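None of these values were measured; they are calculated from a predicted model.
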Amino acid sequence: MKGVFIPERDPRDAIRFMLRQAMEKGLLGGILGYRRKNSGLIYPYLFTSKEELSQLVPISPVISGYSMATLSSWITTNGYSGEKIAVLLKPCETRAVIELSKFDQVSLENLLLMTVECLGTYHVLDFIDMIEGGESPEESLLKSYYSREDDAFREACKICMYSKAPYSDLNLCFISLGGKGLVVETSSEKGYHLMEKLGFSVQELEDEALEVIDIRKERRKEFLEKSRQDLAGPEKINEFFQDCINCHNCMEVCPICFCEECFFDADRYEYVTRRFLNWSPKEGTFPLPEAKIQFHLGRALHMSTSCITCGLCQQACPKQIKLSEFFILLAEENQALFDYVAGRDPEEKPPIREFYEEELEEYTGGT
Ligand code: SF4
Ligand code: SF4
Ligand code: SF4
């Protein structure tokens, strides 16, 4: 592994320092990251001057609202070709950017992917509670990282296998250093050149995997087994989604769901009264809102092979439906079927865009 070791510094200061230098030297035109409000809350912001960087939160304790992957897509989809913009991302967000690039939803050309090492984030409501209770979520997060305690993190995080992104321009690693330093892995040519232009000398460094990932492997296995049981068959799937109000929040925040108009939001699903009156006696019971199961299955069909298991769908659900169980299970099984890993490699073709006559014959019977 090649990279740069910046010793002794608080990793947050080291990241801010690097970014300030990059702006001063004109290497970056903007930085997409979180900005702190006076209240302690944070929000996504496109930094365009080095003076503002004192308010940058480089190691965010939460993914608030939209994923940085979605925001990266919004700011580059219209063929952006200006100055380079760096984005501070969690590993799941970087994987989502890679997936979006395969569907022409993000332009990687002028983006610099800076992935911040991660062992988890808080649920946005827990984050707000912490602030209201006078606790600093940022400090608590770091304490948890350094002691490898992940009980307070979101469910998807507790079984996440990616403390770093498999593909990124830079991976910013600090957890094993316990607050004293930063390792900047230069994982692409673009990342390498940035560090060189900043005056750092890129060297061969030792690659250390965090031992906590082994514990998570077991936890993930148990989680998937439970999900398989909870979702075994149509009746259980109906029961699983019975409280769903079809609000589509889960779709709205999903970094992989990018269609401008969703089929399930189309007029087709605005039925006239007569149809309800005809359906109801036929069905014996008529679950409203209509089409919610079709919505979830349709969504799963479209994006489970690119799902990066971030769990943001579950965080956004006002009915606390355990969507991570549903999507992580489907992502795991469907991606394994195609020997595919979402976000692993920008050159890997997404299964939903490729069709081979001879594939999955055990299901299609070769027809
Ligand atoms: S899902 Fe993984 S990468 Fe994303 S915030 Fe949670 S632990 Fe970090
Ligand atoms: S379906 Fe849920 S877990 Fe999968 S990418 Fe979308 S928000 Fe993340
Ligand atoms: S966010 Fe929750 S309630 Fe809304 S559509 Fe999704 S599963 Fe249903």
Side-chain angles (χ1 to χ4, degrees), residues 12 32-47 55-75 87-97 100 115-145 149-160 162-163 165 216 223 243-258 296 299 303 307-328 331:
R12 294 167 291 183
L32 183 59
Y34 281 103
R35 182 178 185 165
R36 189 183 294 104
K37 287 185 188 179
N38 289 342
S39 61
L41 293 173
I42 60 172
Y43 62 102
Y45 186 74
L46 184 57
F47 294 82
Q55 289 159 343
L56 171 78
V57 178
I59 305 172
S60 164
V62 70
I63 300 181
S64 82
Y66 290 110
S67 160
M68 284 292 172
T70 304
L71 303 182
S72 304
S73 164
W74 289 351
I75 63 172
V87 196
L88 287 166
L89 305 130
K90 303 290 182 195
C92 59
E93 293 177 309
T94 309
R95 294 173 60 223
V97 170
L100 289 173
T115 310
V116 181
E117 198 176 26
C118 179
L119 283 180
T121 50
Y122 300 116
H123 190 290
V124 74
L125 298 178
D126 294 335
F127 169 76
I128 292 170
D129 282 349
M130 289 163 103
I131 289 178
E132 286 178 353
E135 183 180 344
S136 162
E138 277 176 66
E139 296 304 326
S140 301
L141 183 94
L142 291 178
K143 227 186 264 169
S144 299
Y145 281 8
E149 280 288 324
D150 55 10
D151 290 354
F153 298 151
R154 295 182 299 118
E155 199 164 22
C157 297
K158 286 190 238 178
I159 55 162
C160 177
Y162 293 93
S163 58
R216 288 189 176 181
F223 177 92
D243 292 333
C244 169
I245 53 169
N246 224 11
C247 66
H248 293 189
N249 273 5
C250 48
M251 174 190 82
E252 191 55 38
V253 298
C254 174
I256 303 301
C257 273
F258 56 77
H296 292 295
R299 202 166 100 70
M303 43 65 61
C307 169
I308 39 77
T309 69
C310 62
L312 290 188
C313 44
Q314 179 162 325
Q315 174 171 268
C317 179
K319 301 299 286 179
Q320 283 88 47
I321 294 171
K322 290 186 167 284
L323 289 161
S324 296
E325 277 197 24
F326 183 69
F327 280 107
I328 295 178

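- In this structure, L119 CG and Y145 OH are separated by 6.0 Å, a value rounded to the nearest 0.5 Å.
- Residues V62 and P137 fail the side-chain proximity criterion, which asks for heavy atoms closer than 4.5 Å.
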Test side-chain hydrogen bond (donor to acceptor under 3.5 Å, both in side chains) on Q314 and S324; report intermediate values, then the result. CA-CA 6 Å; Q314 179 162 325; S324 296; 3.0 Å; yes
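- Looking at R216 and D150, a side-chain N of the basic residue comes within less than 4.0 Å of a carboxylate O on the acidic one, giving a salt bridge.
- Judged by distance alone, with hydrogens and angles left aside, the side-chain atoms of K90 form a donor-acceptor pair with the main-chain N or O of S60 at under 3.5 Å.
- The two atoms that bring A331 and T309 nearest to each other are CB-CG2, 3.8 Å, heavy atoms only.
- For L100 against S73, the heavy-atom pair with the smallest separation is CD1-CB, 4.1 Å.
- I42 and R36 get closest at one heavy-atom pair: CG2-CA, 4.0 Å.
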Assess the residue pair S140 and Y122 against the criterion (side-chain contact (heavy atoms from CB on, under 4.5 Å)); give the C-alpha distance rounded to whole Å, side-chain angles, the decisive distance to 0.1 Å, and a yes or no. CA-CA 10 Å; S140 301; Y122 300 116; 3.4 Å; yes
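- Under 4.0 Å is where a charged nitrogen must lie from a carboxylate oxygen, and between E135 and K143 no such pair does.
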One pair to check against side-chain contact (heavy atoms from CB on, under 4.5 Å): R299 and C254. What are the steps and the verdict? CA-CA 10 Å; R299 202 166 100 70; C254 174; 3.4 Å; yes
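- In plain terms, the two heavy atoms of L323 and C313 that are nearest each other are CD1-O, 3.6 Å.
- Closest non-hydrogen pair, P91 versus V116, comes out as CD-O, 3.5 Å.
- Note that the CD1 atom of I59 and the CG atom of L142 stand 5.0 Å from one another [nearest 0.5 Å].
- In this structure, L125 CG and H123 NE2 are separated by 5.0 Å, a value rounded to the nearest 0.5 Å.
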Should C118 and Y162 be marked as a side-chain contact (heavy atoms from CB on, under 4.5 Å) after you check the CA-CA gap, both sets of side-chain angles, and the distance that decides it? CA-CA 8 Å; C118 179; Y162 293 93; over 6 Å; no
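- The shortest non-hydrogen separation linking F326 to H296 is CE2-O, 3.8 Å.
- At distances below 3.5 Å, not a single donor-acceptor pair connects side-chain atoms of D243 with backbone N or O atoms of K319.
- Of the possible polar contacts, none joining the R154 side chain to the V124 backbone as a donor-acceptor pair under 3.5 Å is found.
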For L56 and R35, what are the C-alpha separation, side-chain angles and deciding distance, and is it a side-chain contact (heavy atoms from CB on, under 4.5 Å)? CA-CA 5 Å; L56 171 78; R35 182 178 185 165; over 6 Å; no
Applying side-chain hydrogen bond (donor to acceptor under 3.5 Å, both in side chains), run through Q55 and Y45 and close with a yes or a no. CA-CA 10 Å; Q55 289 159 343; Y45 186 74; over 6 Å; no
